[in-house]
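Let me begin by presenting the structure, written as structure tokens, before commenting on it.
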Amino acid sequence: MTNRRLLPSTTPVRRAGGLLAGLVLGAALLSGCSSQGASTDCGLDACTVTFDRGVEASTTILGVEAKLVGAQGDQVTVEVAGEQLSLTVGQQAVSAGDFSVTLDSVTDDQVKIRVSR
């Protein structure tokens, strides 16, 4: 009979490192590819985008670009998936391709929209 040492296939440190790398990659995929003058909070099929007013604000979410074109009072113009939309607070969702877009809020500093599939 031969004595063999059984080594665990992965150590706790390696497992934790793999888990952390997976979480970081998942967060990067969900949060959007890039943004300028905007922040995103995304789930699997919807994102809330907060645009900074007074700058060229845009982001890539759910595989499409979303841009703030302009804002005046409680009405804003955004471009989502290549379509320009005029939105007001409280308005029902407007379609842009395979997406629905609503305007959540408008302040002097920010515009917040929700884009969902």
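Numbering starts at 1 and runs along the sequence shown.
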Considering all heavy atoms of both residues, which atom of G37 and which atom of V55 are nearest to each other, and what is their separation? CA-CG2, 4.1 Å
Flag yes if V94 and V49 sit in one hydrophobic cluster, no otherwise; membership is Ile, Leu, Val, Met, Phe, Trp, Tyr, and two members link when side-chain heavy atoms are under 4.5 Å apart. yes
Residues in side-chain contact (heavy atoms from CB on, under 4.5 Å) contact with K112, at least two apart in sequence or another chain: T48, T50, D104, S105
Between R53 and T107, is there a donor-acceptor pair closer than 3.5 Å when you use the side chain of the first and the backbone of the second? yes
Review item, side-chain donor-acceptor pairs of residues 72-90, under 3.5 Å, at least two apart:
unit_1	atom_1	unit_2	atom_2	d
E83	OE2	G97	N	3.1
T88	OG1	Q91	OE1	3.4

Nearest heavy-atom pair of V115 and I113: which atoms, and what distance? CG2-CD1, 3.8 Å
Atom of L62, atom of G43 and distance for their closest heavy-atom approach: CD2-O, 4.5 Å
Out of curiosity, L68 CG to Q36 CD, how far, rounded to the nearest 0.5 Å? 12.0 Å
Can you find a heavy atom in the side chain of Q110 that is under 4.5 Å from one in the side chain of F51? no
Are there over 12 heavy-atom neighbours, none belonging to D108, within less than 6.0 Å of that residue's CG? no
For A38 and S58 the tightest heavy-atom approach is CB-O, 3.9 Å
